[in-house]
Amino acid sequence: MGYLFGVAGAVPGEQLQRQLTAVCEAANPAGELSRQEFDAPGFACAGLNHQRELSLAGIRVQRCGSSSLLAVAACLDNRKELIGDLELSAAEALRLSDPELASLAWRRWGDACRDRLIGDWVCIEWDGERRRLTLLRDHNGNSILYFACKAGMMAFGTSGRALLALPWISNRLDELSLACIVANMEPVGRRTVYADLCRLPPGWMATLDGRDSRLQRYWFPEDTPLWEGQGSSAYQEALRIGIADSVGRMVVRAGSPAMQLSGGLDSGAVAWGTSQAHLPLRAVAGYCSVPVHDTQAAWPAEAVTNELPLAEEIGRMTGVDPVRAVPAAGVSVLDGIRWMLDARLEPSIGAGNMYWISALLQEAKARGHDLILTGQQGNGTISWYGRPWSRSFGELWRHRSPAGAVQHKLLRPWLSRMGRDGVNRWRIGSEPWLAGTLIRPEFARKVHLREFIAEEAYGFWFHSFEMDPRIDRWQVIEAGQSRVGGRWAEGADALGLRVRDPTATKALVELSLSIPDREWSGPAGSQRWLVRQAMQGRLPNSVIGSLSRGRQSADIVQRLLSDTPAVEDLLGRCSPHSQVAQYLDIERSRMTWQALSSEPFTYRLQQRCLQELIPAITLAMFLEYRQP
């Protein structure tokens with residue numbers, strides 16, 4: 001919690017210091033954060049710490065010789081194991097902070113320490129003799145690290161927006177990345193919407209020498225071997241132990257922990273995990289997003305638009321107390337997007353959720369919490385759906401039905417393979433994103449969006465049907481690519497909070513991938529069977545037995561309509577000659593807004609709002625925001 005920045009180059013030290021100061025002031029305009037500066041020949045580095053931080057976590061910069069520096073931001077979950085590996089005394093174990101432990105690990109094992117550091121962390125080494133920066137980011141946690149390398153200059157930082165204060169980093173757009181976001185997809189790899197600035201993906205390291213940057217992935221959870229030969233009860237127990245261990249390691253150090261609690265299995269399992277951490281004097285509080293407008297009747301029967309009753313049931317059973325409703329009545333949809341653009345480098349998908357996320361985090365901060373837990377990435381790990389065709393024909397015949405066995409083991413794979421491959425062959429020659437988004441066709445073609453997506457096997461557009469469910473699952477976990485943790489880290493840092501996700505830890509990702517897919521779907525081919533069985537008697541039956549999905553932004557259309565003057569003013573500024581019109585079909589955006597304003601609310605209108613109007617509004621606000 002805080003910021004870490006560094007600038008290197010063959011320029012006078014005074015010039016480096018001026019550049020570093022400009023970056024720090026951009027990240028800390030009110031001067032509220034304490035600042036520590038270090039320098040070495042050709043390099044200047046600074047750490048900005050919030051006063052409120054989890055015990056022993058934080059930022060540290062230290063010298064590693066006359067010309068080298070090591071900078072670390074860390075919140076570690078394996079202190080005990082590290083202390084044993086480093087052979088430290090009991091006194092040192094009590095005294096050393098997480099960044100100090102990580103620094104000792106680096107000095108002992110070099111960049112191989114990446115395999116031993118567990119938690120949310122980034123490590124940076126400046127090698128003065130070789131004039132080289134080495135950057136490391138944790139496996140899959142809530143951390144973020146940006147870097148730039150241009151014309152002999154190098155820089156890194158945990159705030160990309162602040163790095164734009166450097167005079168040699170322009171705000172020139174990477175239009176291919178922008179096209180991905182407008183088409184409701186995330187840019188992959190190192191790309192950001194700024195051509196001069198890169199993001200280090202989780203589970204990767206980078207080496208910068210002033211002329212080039214070289215990236216190397218170091219974590220490959222897809223290679224995790226399957227854990228075969230166990231009964232279902234053994235897998236359930238392993239899952240429970242893994243959840244309890246991940247949650248316990250995170251929550252035990254918090255002075256005032258809280259969590260984002262919905263009515264689903266992911267946050268419910270995290271809530272149960274907090275009950276295993278034995279915190280009698282520090283009850284974990286829950287915060288649940290709720291709608292202001294009742295729209296349940298217009299949604300499909302399997303959708304839950306108000307999760308508070310289920311969240312309260314979970315809270316009573318797991319000891320999460322109190323469970324507070326967060327209606328976000330005073331935060332408009334535009335306010336939420338504006339908060340996102342203030343906190344982050346760039347717009348992102350999911351901007352329609354920013355109003356309730358910002359309201360939840362701000363309320364938690366106002367109540368003095370120092371840690372917020374989420375279950376954001378649980379769909380790919382602890383509550384994977386499983387695929388019915390991973391069960392044997394005989395099991396489905398006996399436990400589901402003969403028709404179900406024929407459907408999932410014979411007809412569905414055959415028809416899906418033929419149909420999906422046929423559709424994909426057609427799609428490769430088409431542009432399917434044009435129907436559901438407002439991206440201008442000529443812009444998509446100018447940046448070769450179709451070729452990029454096909455080459456990267458990106459999103460779901462060009463995927464062939466796969467019998468191996470782990471390949472399907474890989475698109476959910478996105479190890480080595482996911483931007484979920486980085487988005488939470490940037491939003492939390494902007495508010496001086498620490499947000500962490502127990503469902504995304506290295507151990508739980510690898511454990512969940514080691515369990516055969518047939519166990520996740522169960523004998524009858526049911527969704528999320530394994531976690532439902534594991535949580536029997538630990539979560540309410542109304543949560544375990546339900547296949548309904550929560551919808552946090554269920555009333556976003558009504559919220560936008562209540563802010564009609566501001567929305568219409570924004571769309572009115574998007575003239576056919578404005579910059580936003582280069583990327584978006586402005587006329588279609590106005591037609592979508594007119595439909596929302598005049599037609600009765602339906603689920604389809606809500607989807608049009610999220611897929612068409614919100615990206616258009618977000619892009620328009622972003623382009624205005626970045627004007628010099």
Give, for atom CD of E125 and atom OG1 of T207, the distance between the pair rounded to the nearest 0.5 Å.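 One gets 10.0 Å once the value is rounded to the nearest 0.5 Å.
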
Roughly how far, to the nearest 0.5 Å, is the CG atom of N379 from the CH2 atom of W384?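 One finds 9.0 Å between CH2 of W384 and CG of N379.
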
Give a yes-or-no answer on whether the side chains of [X] and [Y] include a donor-acceptor pair shorter than 3.5 Å.
X    : Y    : result
R60  : Q62  : yes
D98  : W121 : no
R498 : N142 : no
S143 : R137 : yes

For the pair R130 and D209, find out whether any cationic side-chain nitrogen is under 4.0 Å from an anionic carboxylate oxygen.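 No, R130 and D209 are not salt-bridged.
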
Do NZ/NE/NH1/NH2 and the carboxylate oxygens of E313 and R316 come within less than 4.0 Å?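 R316 and E313: not salt-bridged.
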
CD (E129) with more than 12 external heavy atoms under 6.0 Å: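 Count not over threshold, so no.
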
CZ/R211: more than 12 non-hydrogen atoms of other groups inside 6.0 Å: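 Atom CZ in R211 is not crowded, with 12 or fewer foreign heavy atoms closer than 6.0 Å.
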
Under the salt bridge (Lys or Arg N to Asp or Glu O under 4.0 Å) rule, what pairs show up with a residue in residues 369-379, not counting sequence neighbours?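 Listed by first then second residue: nothing to list.
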
Would a 4.5 Å heavy-atom cut-off, applied to side chains only, mark [X] and [Y] as touching?
X    : Y    : answer
P257 : T274 : no
H139 : R114 : no
T503 : S383 : no
Y218 : L136 : yes
P540 : I314 : yes
W488 : Q260 : yes
Q533 : S232 : no
R483 : S348 : no

At their closest point, which heavy atom of L361 faces which heavy atom of L497, and how far apart are they?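 For L361 and L497, the tightest heavy-atom pair comes out as O-CD1, 3.4 Å.
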
Indicate the atoms forming the closest heavy-atom contact of S275 with T318, along with that distance.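 Heavy atoms only, the tightest pair is CB-O, 3.2 Å.
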
Taking [X] for its side chain and [Y] for its backbone only, find out whether a donor-acceptor pair lies under 3.5 Å.
X    : Y    : answer
E100 : S97  : yes
Q15  : P12  : no
K150 : D196 : no
N140 : V509 : no
S267 : S262 : yes
R63  : D39  : yes

F43: which residues meet the ring-ring contact (aromatic ring centres under 6.0 Å, His included) condition with it, sequence neighbours left out?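 ring-ring contact (aromatic ring centres under 6.0 Å, His included) check on F43 returns W126.
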
Taking the six-membered ring of W204 as reference, does the cationic atom of R190 (NZ for Lys, CZ for Arg) lie under 6.0 Å from its centre and within 45° of its axis?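 The answer is no, since R190 fails at least one limit relative to W204.
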
Between D342 and R161, is the salt bridge (charged side-chain N to carboxylate O under 4.0 Å, His left out) condition met? List the steps. CA-CA 8 Å; D342 279 335; R161 176 167 296 285; over 6 Å; no

Could you walk me through whether R217 and E222 pass the salt bridge (charged side-chain N to carboxylate O under 4.0 Å, His left out) test, one step at a time? CA-CA 13 Å; R217 187 177 172 201; E222 63 269 33; 2.9 Å; yes

Going through the checks in order, is the salt bridge (charged side-chain N to carboxylate O under 4.0 Å, His left out) test met by R18 and E14? CA-CA 6 Å; R18 285 196 299 270; E14 296 82 2; over 6 Å; no

